Structure formats: structure tokens, C-alpha cells
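Heads up: the structure comes next, in C-alpha cells.
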Amino acid sequence: MTAHDDHRRFDDLAAEWDSRPHARERADMIAAAIRDTVPLSPAMRVLEVGGGTGLLSRALVDDIGTAVVTDVSGAMVDVAGEMLADPRYAGWSARRLDIEHDDLPDETFDLVLSQLALHHMGDVPGVIVRLAALLTPGGWVALADLEHDADGGFHRHVHGFSGHHGFSREDLGRWLTAAGLVEVTVGDAGFDVKEVEGEERRFPLLLAAGRRPSP
């Protein structure tokens, strides 16, 4: 599966994304892990990358200020924009952004979030460097993704999947440190549930977090 095929797959899924089994529960679990790890503030300006419809940012609406939800899928961005029309999300926005390949936005953020986005990208250490460059001094990244999935069960239903089958704690911690972040932690972020060959399985999720040093 090429990157273009992957993007098209998510275009096709966008309209029903929020109604998938366990989608909201997963976002709520990851949001809880972020609250336990990052000092959130109602003044925070947040960027969510690979955000789909913005489920993760929306789960943190009472903890942060405004958010920009981005995704490579135009259809996902369209649905996110519809969701963000709710007055609860005043000042929020959605836009298309390929964080791996596009020019970086000419702006900075207090917090950069993602959930299950990194494993779709090619050069993950390079992406983390790009995310760190978008932080204000003292700003945080909080990146949730699949813990290493040795048998590839999580993506077994995706024909020709060409991404990563999760990550080790050691790799995530090393990549955040190499990007110049401090106070780096890699902890548990709950789990995702998938049916694999007729059997429901739980796949552990990790939360990798780190802070850009202040001057």
C-alpha cells in the first residue's frame, strides 16, 4: 500500500470515523494519560497532527485553549471542520497538513498531539524533529501510538499495509531526546481493541512526551 492509497482509505472512512467501535473510548483514555503527564492550561494553543476528526483534541476541550486539527486526508479535515462548528470549539480550526512532507506552518504551539499517527509515517525520527520545531519554548509534545506489535495483528485487516507495526519504548524515548526535548517520558496510554481473525484483542498504546527547553 502506497501513502496515496493510505490517504484514500482514510478519505473513505471519514464520514463514519467517530462512530467506529471504541474510537471515543480510545481518545478518552489517551486524553487521561496526557492529563497525567503534561501540565495542561486553558491558555494552551494546540496542534493535533494526523488528527482525523480531532477526537483527541476534542476530548481535551476543557483542559486547553484552542486547537488546530490537521490531517493529510481532505475528507477527514472536512468532517473535523463540521465538528468544530460547535460553539464549544470557538477559535478552533481544521486544515490539511502532511506533517512529514509539507512546509511547516509559520507559527508555534504550546502542545503538539497525535494519536496513532506516527506509525503511518516513513521517517518517524525526522517527523519528531519537525514537531519539536513547532513548539514554543517550554512547549510539549504528547504522541500516543501502538506499542511494538510483533505479529502485525493490529493492521492485519489492511491489505498491503506499509507502515510501522508499533514502536518500542526505547526507540520513542531516544527519538524525542535526539530532537532536543527534555523531561522525556514514555508511559502507558491505555489500549485499542481490534477484532483479529474473529477474536477481539487488546493492543497496548504508549504515550511519548517531552518538553522543549525554555531559554
Side-chain angles (χ1 to χ4, degrees), residues 1-31 34 45-61 64 66-107 109 111-124 126-128 130-131 134 141-146 152 154-166 189 192-195 203 205:
M1 175 180 288
T2 66
H4 176 75
D5 292 333
D6 206 25
H7 301 169
R8 187 170 56 193
R9 180 169 71 90
F10 284 104
D11 283 344
D12 293 341
L13 293 170
E16 306 299 328
W17 190 251
D18 286 14
S19 61
R20 292 170 305 130
H22 311 294
R24 292 180 182 276
E25 293 92 333
R26 183 181 69 189
D28 288 343
M29 278 189 288
I30 294 172
I34 292 171
R45 187 163 188 259
V46 174
L47 174 70
E48 184 175 359
V49 297
T53 64
L55 272 172
L56 180 56
S57 293
R58 288 189 278 132
L60 292 166
V61 63
I64 60 177
T66 59
V68 178
V69 177
T70 68
D71 201 275
V72 296
S73 163
M76 285 287 189
V77 171
D78 289 344
V79 175
E82 294 170 7
M83 298 294 180
L84 299 183
D86 187 306
R88 293 187 74 196
Y89 309 114
W92 292 37
S93 62
R95 68 177 77 152
R96 190 188 177 284
L97 175 68
D98 180 342
I99 192 64
E100 187 172 10
H101 300 109
D102 290 349
D103 291 340
L104 293 179
D106 186 21
E107 54 195 313
F109 300 87
L111 174 63
V112 176
L113 303 173
S114 73
Q115 64 166 348
L116 295 176
L118 290 179
H119 70 252
H120 291 284
M121 301 179 189
D123 178 13
V124 175
V127 168
I128 291 173
R130 288 168 66 85
L131 297 180
L134 290 172
V141 296
L143 311 173
D145 220 295
L146 182 68
F154 190 85
H155 291 101
R156 194 161 297 161
H157 66 294
V158 182
H159 178 70
F161 177 73
S162 59
H164 305 273
H165 293 294
D192 200 358
V193 178
K194 287 282 183 76
E195 186 174 300
F203 292 90
L205 304 177

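If you read the sequence from its start, that first residue is 1, and numbering goes on from there. Note that the coordinates shown come from a computational prediction; the quantities given were computed from them, not determined experimentally. All heavy atoms count here, side chains included; hydrogens, waters and symmetry mates do not.
- You'll find the side chain of Leu134 reaches within 4.5 Å of the side chain of Leu104, heavy atoms only.
- One N or O on the side chain of Asp145 and one on the backbone of Leu118 form a donor-acceptor pair closer than 3.5 Å.
- In summary, of the residues considered (Leu56, Leu111, Thr70, Leu55), a side-chain contact (heavy atoms from CB on, under 4.5 Å) with Glu48 occurs for Leu56 alone.
- Arg45 is linked by a salt bridge (charged side-chain N to carboxylate O under 4.0 Å, His left out) to Glu107, counting only residues two or more places apart in sequence or in another chain.
- Remark: side-chain polar atoms of Arg130 are paired, donor with acceptor, to backbone N or O of Ile99 under 3.5 angstrom.
- Side chains of Asp102 and Arg96 form a contact here, defined as non-hydrogen atoms less than 4.5 Å apart.
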Dump the intermediate steps for side-chain contact (heavy atoms from CB on, under 4.5 Å) on Leu97 and Val68, then the final yes or no. CA-CA 10 Å; Leu97 175 68; Val68 178; over 6 Å; no
Apply side-chain contact (heavy atoms from CB on, under 4.5 Å) to residues Leu205 and Leu116 and explain how you reach the verdict. CA-CA 9 Å; Leu205 304 177; Leu116 295 176; 3.8 Å; yes
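- Of the possible polar contacts, none joining the Arg58 side chain to the Ala27 backbone as a donor-acceptor pair under 3.5 Å is found.
- Looking at every heavy atom in both residues, Arg95 comes nearest to Pro105 through NH1-CB, 4.2 Å.
- In this structure, the side chain of Glu100 engages the main chain of Gly122 through a donor-acceptor pair within 3.5 Å.
- Expressed to the nearest 0.5 Å, how far CD of Gln115 lies from CD1 of Ile30 amounts to 4.0 Å.
- Note that CG of Asp71 and OG of Ser114 are 11.0 Å apart. Values are rounded to the nearest 0.5 Å.
- Here the CD1-CG distance, from Ile64 to Leu113, works out to 6.5 Å after rounding to the nearest 0.5 Å.
- In this structure, Gly81 and Ala94 approach most closely via the heavy-atom pair N-CB, 3.9 Å.
- In this structure, Leu143 and Leu131 have side chains that are in contact, with non-hydrogen atoms separated by less than 4.5 Å.
- The main-chain N or O of Arg26 is never found under 3.5 Å from a side-chain atom of Asp192 such that the two would form a donor-acceptor pair.
- By the 4.5 Å heavy-atom criterion applied to side chains, Asp86 and Trp92 are not counted as neighbours.
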